[in-house]
Structure formats: C-alpha cells, structure tokens
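Here is the structure we will look at, set down as structure tokens.
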Amino acid sequence: MAKIFALNEGCFSVDASKKFIPFNADIHHSKDRPASLFIHVQPFLIETQQDLILIDAGLGFNNEMDTLILHNNIRKAGFEPEDVSLVLLSHLHFDHIGGLIFKTSSFGDSRLSFTHADYIIQENEWNVAYTQASKSYNTTILDILHRSGNIRFVNGNGNLTDDISFNITGGHCEWHQVFLIKDGDEQIFFGGDILPEPEQILRRFLAKYDFDPKKAMLLREEYAKKAADEGWTCLFYHAKDKPISKIGFDGNHFNIY
Ligand SMILES: [Zn+2]
C-alpha cells in the first residue's frame with residue numbers, strides 16, 4: 001500500500017488581486033477580507049515502491065521558524081526534501097508551484113526546493129505561462145526551475161511509468177492535467193483544480209475562475225463518477241477537510257467517505 005500524506009500549508013484569502021494572504025480563523029476575521037475566496041492549500045506526498053512523489057507544490061510560504069512549510073511538512077512525514085524523486089504538476093498557476101523554490105533570511109536568493117527530482121509539466125502549459133499576461137502565473141519561479149531543475153515536458157495523454165498516467169483535461173486552464181497512480185490494488189487519483197474540493201462534487205455550479213466553466217463543471221461530474229466506479233482514492237488539493245477520500249455514487253447522489 002502506498003503511503004499518502006496531505007501536506008497542509010494552511011488557509012488563505014484571495015481577492016481580485018489574486019494575492020494569497022494567510023488566513024487563520026483563530027486570529028483573523030473574514031469581514032476584514034472583503035470580496036475574497038477562502039482557499040485551503042495542500043500538496044500531497046506519496047511513497048510508492050519506486051518513487052517519493054510530490055503532487056503540486058503549494059504557495060511557498062515559510063513558517064515562523066523561517067523554514068519552507070512544504071519542507072517542514074515533508075520532514076514531519078519522515079522524509080527529506082532530497083528524497084523527492086518526482087514532482088507532478090497539474091498546471092502552473094501560482095498556488096500550485098510557489099513551493100518549488102524557497103528563500104530564507106540566511107540566504108537572500110531563491111533556491112530550488114527539490115534538487116533530486118524530475119518535474120513533470122505539460123509543455124503547452126509551460127508555453128501559456130510565458131505568453132499569457134495573467135496574474136495566475138509567475139515566471140520568476142519557472143525561470144529558476146528551468147535553470148536548476150530537471151524538467152520533463154509531456155504532451156497530451158500518456159504514461160510516465162507503468163504505474164503513473166497523465167491525462168489532459170482542460171477546463172480549469174487549457175492544458176490542465178490529472179494523474180492516476182497505481183500501487184498494488186490501489187488507484188490514487190489527483191484531479192488538481194478539476195476536483196479541488198470534495199464539496200464541489202455535491203453540487204453543480206459554474207465557477208468564473210475556470211478557463212472553461214461549463215467544461216470544468218462537466219469534468220467534475222465525469223471524474224467523480226469514474227472515481228466512484230473504479231474505487232479511486234482521491235486527493236483534493238483545496239479541501240477544507242477530508243483531503244484524502246473516496247467517492248460513492250448511488251445513481252443520483254454522490255457522497256464522500
Ligand atoms: Zn488551485
């Protein structure tokens with residue numbers, strides 16, 4: 001059985017500026033953050049027979065000890081950042097790649113967070129990040145990754161290994177991809193921002209943050225049904241709770257367990 005860890009980075013508010021501001025319900029008040037969405041962020045770490053896999057990388061905030069929260073969470077799970085062999089990226093929006101680099105007060109320059117990993121990126125998504133004038137992308141991070149990281153561009157649908165497959169979905173952004181990881185009898189599905197929160201499966205809605213809201217809505221339903229059919233373990237990147245769960249479907253209604 002694969003070991004799966006949800007690496008919770010925290011809750012954040014986001015307004016039209018697309019800046020993510022840490023939000024701690026114990027000390028902050030939502031009324032002080034007008035016209036904001038509140039978003040939880042958690043990358044995932046999966047230990048399989050072959051690899052230590054990180055899926056998406058969070059925002060890249062440091063904790064009060066000036067350590068990258070992502071690094072700290074990986075250590076708490078019992079690994080070192082250098083142990084990560086594969087970084088799977090669903091897409092390159094800022095909230096999914098911020099933790100690929102880090103900076104501390106003891107060294108001022110930004111450094112690559114995972115020096116021994118291959119980075120799996122859709123090539124078209126990379127090109128969009130550099131050509132589209134969008135606040136959702138941050139090419140400074142990508143420049144550092146390009147200079148110091150071992151990027152493996154992929155195109156379309158395919159298999160990375162016998163056990164890891166990737167599929168283009170579009171919907172959230174044009175070249176968004178999802179991953180399915182097989183480990184023994186278990187199938188682990190990462191839907192990125194196509195299946196970001198378990199609650200989103202329970203109602204139909206159009207989201208204006210999606211590139212193609214209608215398609216994204218239909219994809220949520222399609223993947224939720226597949227996940228229920230196949231008994232996939234689903235990883236929800238923006239979940240408030242139950243980030244690792246399964247989906248049930250009785251023909252009419254979904255449930256999360
Ligand atoms: Zn996201």
Side-chain angles (χ1 to χ4, degrees), residues 6-23 33 35-46 53-61 68-70 73 87-101 113 119-122 124-126 128-129 132 134-142 145 166-179 188-201 203 205-220 223-224 227 234-245:
L7 308 176
N8 182 30
E9 189 173 12
C11 181
F12 303 86
S13 71
V14 195
D15 63 13
S17 70
K18 301 249 171 128
K19 276 214 173 72
F20 286 73
I21 304 166
F23 180 83
R33 310 277 175 95
S36 295
L37 289 172
F38 293 87
I39 296 180
H40 295 258
V41 173
Q42 61 227 313
F44 292 92
L45 191 69
I46 305 176
I53 304 169
L54 175 73
I55 312 189
D56 285 356
L59 286 154
F61 278 94
L68 185 70
I69 292 173
L70 183 57
N73 281 339
V87 178
L88 307 179
L89 296 169
S90 62
H91 64 301
L92 301 176
H93 284 167
F94 177 74
D95 58 318
H96 293 251
I97 66 161
L100 295 179
I101 63 168
S113 303
Y119 295 79
I120 309 302
I121 297 172
Q122 280 287 332
N124 284 322
E125 173 68 0
W126 180 273
V128 166
Q132 208 176 72
S134 161
K135 284 180 198 156
S136 298
Y137 292 107
N138 178 322
T139 51
T140 309
I141 297 170
L142 299 179
L145 177 60
F166 53 92
N167 272 279
I168 294 266
T169 60
H172 178 65
C173 58
E174 200 177 351
W175 303 102
H176 184 279
Q177 64 182 339
V178 296
F179 297 98
I188 303 157
F189 178 70
F190 182 70
D193 279 355
I194 285 302
L195 231 48
E197 296 176 50
E199 294 78 14
Q200 291 198 0
I201 293 167
R203 59 196 177 95
F205 65 99
L206 298 170
K208 61 173 188 285
Y209 52 74
D210 284 325
F211 165 76
D212 184 342
K214 176 106 188 287
K215 186 177 182 192
M217 179 180 80
L218 296 173
L219 283 167
R220 282 196 292 277
Y223 276 104
C234 295
L235 311 181
F236 295 97
Y237 188 78
H238 292 301
K240 188 175 174 192
D241 45 38
K242 296 193 190 169
I244 303 169
S245 40

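All of these numbers come straight from a predicted model, not from anything done at the bench. Counting starts at 1 for both ligands and their atoms, in listed order.
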**OP:** Quick one: list whatever passes side chain to side chain contact (heavy atoms under 4.5 Å, CB included) with Pro243, sequence neighbours left out.
**Re:** Ala6, Gln42, Phe44, Ala239
Original post:
Quick one: how many protein N/O/S atoms are under 2.8 Å away from the Zn ion (ligand 1)?
Top reply: 4
Subject >> Asn167 CG to Thr169 OG1 distance, which is reported to the nearest 0.5 Å >> reply: 8.5 Å
Original post:
Of Ile69, Leu68, Val41, which meets side-chain contact (heavy atoms from CB on, under 4.5 Å) against Phe61?
Top reply: Ile69
Subject >> Pair Asp56, Ser90: side-chain N/O donor-acceptor within cut-off below 3.5 Å >> reply: yes
**OP:** Could you grab the distance from atom CD1 of Ile97 to atom CG of Asn138, nearest 0.5 Å is fine?
**Re:** 6.0 Å
Original post:
Cut-off 3.5 Å, side chains only: do His238 and Asp193 have a donor facing an acceptor?
Top reply: yes
